Amino acid sequence: MDYLEGLNEPQREAVLQTEGPLMIIAGAGSGKTRVLTYRIAHLIYHGVDPFNILALTFTNKAAAEMRQRIEKVVGTESRNVWMGTFHSIFARILRIEADKIGYSRDFSIYDTDDSKSLIRSILKELSLDDKIYRVGGVLGRISGAKNRLVSVNEYLRNTTIQADDEANRMPEMGRLYKIYQDRLRKSNAMDFDDLLFNTNVLFRDHVAVLNKYQQKFKYVMVDEFQDTNISQYLITRKLAAVHQNICVVGDDAQSIYAFRGADIQNILNFEKDYPDLKVIKLEQNYRSTQNIVKAANSVINKNKAQLRKNVWTENIEGPLIDLIKASSDNEEGNLIANSIFEEKMNNSLRNSDFAILYRTNAQSRAFEEALRRRNIKYRIIGGVSFYQRKEIKDLIAYLRFTVNQNDEEAFKRIINLPKRGIGESTVAKIVVTADENNINLWEVVSKVQQFMPGRLAAPIDNFSTLIKSFKVIANQKDAFETATHVAKNSGLLKDLHEDKTVEGLARYENVQELLNAIKEFVDNPENEDKTLSSFLQSVSLLTSADDEKDTDTDKITLMTIHAAKGLEFKHVYIVGMEEDLFPSQMMLASRADLEEERRLFYVAITRAEKKLTLAFAETRYKFGRLKTCEPSRFLNEIDPAFIRMDKSLNGREAAAATLVKSMTPRKPTVVPANLHTPSQDFVPSDTSQLTGGMKVEHPKFGFGIVKDVEVQGNDKKARIDFEKVGEKTLLLSFAKLKIHTN
Ligand SMILES: Nc1ncnc2c1ncn2[C@@H]1O[C@H](COP(=O)(O)OP(=O)(O)OP(=O)(O)O)[C@@H](O)[C@H]1O
Ligand SMILES: [Mg+2]
């Protein structure tokens, strides 16, 4: 039992305490996740069938990592543990039991875009003012209701909710919720919240089903317990009710999802729900240096609402926390990129040892540009993720519709893609016809002649024939063969192939990349079910932290702090340390909000193992306007003993505030751009301010004049008239352009 040697005394106790309810509430980096991992390995090692173990993690990636570690101890049996996020585990159960709650097992999972698009359609059909009924607001209220397990009927009956809707000038909210739910059901689709809501319904109304899973899951474990919401909590409690072998681990100081309904109360309830509960504390941090641990403690101690813990470490003291002041957001990008470059060279580190953490996804741009200019590889987690790209969503919509022909959102996306001459009004008519006649969408589509004049019906008829042919393939072939067939025969690939612009090419490659991913899925021995339907389910449940579509692992990670939960990196840069950005302007309304924001800062600090650097900019572009920024109050909350002092100040006495104000911006170190490109004289410029009329140079296309620049999603595209090759449209995040001022 070698594995027990890598544990300290309380950790070992937690691993060996396999029977009965157990709660570990402990500080960051104290080995909570490690305990869960070893605990599962220990159970299997002692003969527990992996099929009887349920482990709920925060991301699929965390689950995959745990699985790998367990595999090292017990071998491939680890694959049989039911391990994954709440959403993925419950989607799996719902797929098996779908018929019990009136769904078919091929149900679609709507992402937020699908949900919003559906709400938009409904608002239009009901002629409701979308300035009052804002799509995001409506979805937020529906989501909030579901997370509190308030069904449509309960919602419609509840006078408090109605009064609240009135107060928000949205008296039709209840009706919207009802129609939204009806439409999802008719589409044989669930949104993310439904996965939890429906699991609760399933277990509530079908005792035999509940019983089956209660018997099955002899051991239940939950990581990041502080971020579970009430519906997740209730499901876990029900599942563990028979065997009572439930172990939860978490840290109240890292609770950062209250805005999404997570409830710290669950930790307190836990003690009430399980009178025999054993509580184990872990206080030794193994992740970070003393300076980082102490700095983190000094910050979190400012929170009034927290369970006091004494986190300490035997690790070395380590370097002090560095503070970088930049004059602008672009300079912030450059200074950080330079700092990473220096650290890398001086300490022979790898790219993967670094992470840049920010409060909002929009901040990534300056860092991307600076890193790209220096040829330092990076990957962005979240943001406009791979699976959110248009071409990927298009193909996925085709695949979804092939599997489930009642998926209204997939239908709307593909019915006129590539163009078949089917207008928006025709599409709306099909949806409304299905609704009014109370029949399924597919019934209208496949018998369209009955509902529409021949002229309108013909192209829809062709479409339904096409889908039927896809369905035949899907029933015979695996996910990869089906997807390849669909990509080719839908006309999507052809459309992209004909687009010879740089971004057209990138889109074509993205689709190829998706097909590669499906191939990988099919070839992976862990996936028993190789059908398209099974692949689609796995894809719809990727969380933002899972989004990693390439095999090259030696890259700097850029992500939001929320996505960084549970992870660790040797060097961490927390950027954008400015008032109104971090803490976020939206989180300044109440003490509770501010404390959540401070916990977020605590999470960020505690990701660092060896060195932490904080950065802020004095000016920043916001909504197209240059804004002056003030350093974040959080900077003043770190005990100054752990921050590197400017030489002009004398040690401890200098308050961090003075420190921040008196610092002179650092001179950027000169780092050769494009170290690996042969043409040393071509240095791409910062194109964030590119506008029409400017003269630019492209390494391949030569000189050109910018015609115009247009925002496209998170990116911008520029139309450029090149002297040699004529007009090209280039995405600025891809294009290497040098701006010529003369
Ligand atoms: N007893 C130990 N001996 C050596 N290393 C350990 C020990 N316990 C934990 N570690 C290491 O410390 C680091 C932090 O552990 P882990 O990620 O499990 O902490 P955590 O409590 O889950 O942190 P977080 O709160 O951030 O999720 C990991 O690299 C882990 O391998
Ligand atoms: Mg952890």
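One-based numbering, in listed order, for ligands and for the atoms of each. All values below were derived from every heavy atom in this structure, side-chain atoms included, with hydrogens, water molecules and symmetry-related copies excluded. None of the values given here were measured: they were computed from a predicted structure.
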Practice task
May I ask you to check if ligand 1 and Asp251 share an N or O to N or O distance below 3.5 Å?
Solution key: no
Problem - Pair Asn315-Arg287, side-chain donor/acceptor within less than 3.5 Å - result: no
Handout entry: For Gly6, atoms of ligand 1 separated by under 4.0 Å from a heavy atom
Key = 1 (N), 2 (C), 3 (N)
Practice task
Carefully, step by step, assess Gln17 and Glu19 under the rule side-chain hydrogen bond (donor to acceptor under 3.5 Å, both in side chains).
Solution key: CA-CA 6 Å; Gln17 173 82 39; Glu19 310 303 298; over 6 Å; no
Practice task
If the plane angle is over 60° it's perpendicular, under 30° parallel, otherwise tilted; pick one for Phe354 and His571.
Solution key: tilted
Exercise for the section: Over 60° means perpendicular and under 30° means parallel, so classify the ring planes of Tyr233 and Phe225, tilted if in between. Expected result: tilted
Fill in the blank from the handout: So for Asn8 against ligand 1, with non-hydrogen atoms under 4.0 Å, the contacting part is backbone
Completion exercise
Of Asp252, Ile300, Leu282, Asn297, the one forming a side-chain contact (heavy atoms from CB on, under 4.5 Å) with Lys309 is Asp252
Problem - Gly566 heavy atom under 4.0 Å from ligand 1 - result: yes
Handout entry: Protein heavy-atom partner closest to atom 1 (N) of ligand 1 - residue, atom, separation in Å
Key = Gln11 OE1, 2.8 Å
Problem - Leu7 near ligand 1 by a heavy-atom separation under 4.0 Å - result: yes
Problem - Close-contact set for ligand 1 against Arg607 heavy atoms, below 4.0 Å - result: 26 (O)
Practice task
Could you grab the protein N, O or S atoms closer than 2.8 Å to the Mg ion (ligand 2) for me?
Solution key: Thr33 OG1
Practice task
Starting at CE of Met83, measure out to CG of Leu36 and round the result to the nearest 0.5 Å.
Solution key: 9.5 Å
Problem - Residues forming a side chain to side chain contact (heavy atoms under 4.5 Å, CB included) with Ser78, sequence neighbours excluded - result: Arg67, Ile70, Glu71, Val74
Exercise for the section: Look only at interatomic distance and state if Ala28 has a nitrogen or oxygen under 3.5 Å from any nitrogen or oxygen of ligand 1. Expected result: no
Exercise for the section: Determine whether the side chains of Glu9 and Gln11 contain a donor N or O and an acceptor N or O closer than 3.5 Å. Expected result: no
Exercise for the section: Please identify which atoms of ligand 1 are closer than 4.0 Å to at least one heavy atom of Gly27. Expected result: 21 (O)
Problem - Ion pair Glu568/Arg607, N-O distance below 4.0 Å - result: no
Practice task
Validate the cation-pi geometry between Lys565 and Phe58: distance from NZ or CZ to the six-membered ring centre under 6.0 Å, angle to the ring axis within 45°.
Solution key: yes
Completion exercise
Among non-hydrogen protein atoms, atom 17 (O) of ligand 1 lies closest to Arg287 NH2, 3.1 Å
Practice task
Could you establish whether Glu609 and ligand 1 come within less than 4.0 Å of each other, counting only heavy atoms on the residue side?
Solution key: no
Problem - Closest protein heavy atom to atom 13 (C) of ligand 1, given as residue, atom name and distance to 0.1 Å - result: Glu568 OE1, 3.3 Å
Handout entry: Nearest non-hydrogen protein atom, atom 31 (O) of ligand 1
Key = Arg34 NH1, 2.8 Å
Problem - Protein residue, atom and distance nearest to atom 19 (O) of ligand 1, heavy-atom basis - result: Gly31 N, 3.0 Å
Exercise for the section: Verify the distance criterion only: is there a donor paired with an acceptor across the side chains of Ser30 and Asn285 at less than 3.5 Å? Expected result: no
Problem - Heavy-atom nearest neighbour in the protein, as seen from atom 11 (C) of ligand 1, with distance rounded to 0.1 Å - result: Tyr286 CB, 3.7 Å
Completion exercise
atom 25 (O) of ligand 1 has as its nearest protein heavy atom Lys32 NZ, 2.6 Å
Fill in the blank from the handout: atom 23 (O) of ligand 1 sits nearest the protein heavy atom Gly29 N, 3.0 Å
Handout entry: Distance-only polar pair, side chains of Tyr358 and Thr560, donor-acceptor under 3.5 Å
Key = no
Exercise for the section: Please check if any side-chain donor atom of Asn269 sits under 3.5 Å from a side-chain acceptor atom of Tyr274, or the reverse. Expected result: no
Exercise for the section: Assess the side chains of Lys218 and Asn245: does a donor N or O sit below 3.5 Å from an acceptor N or O? Expected result: no
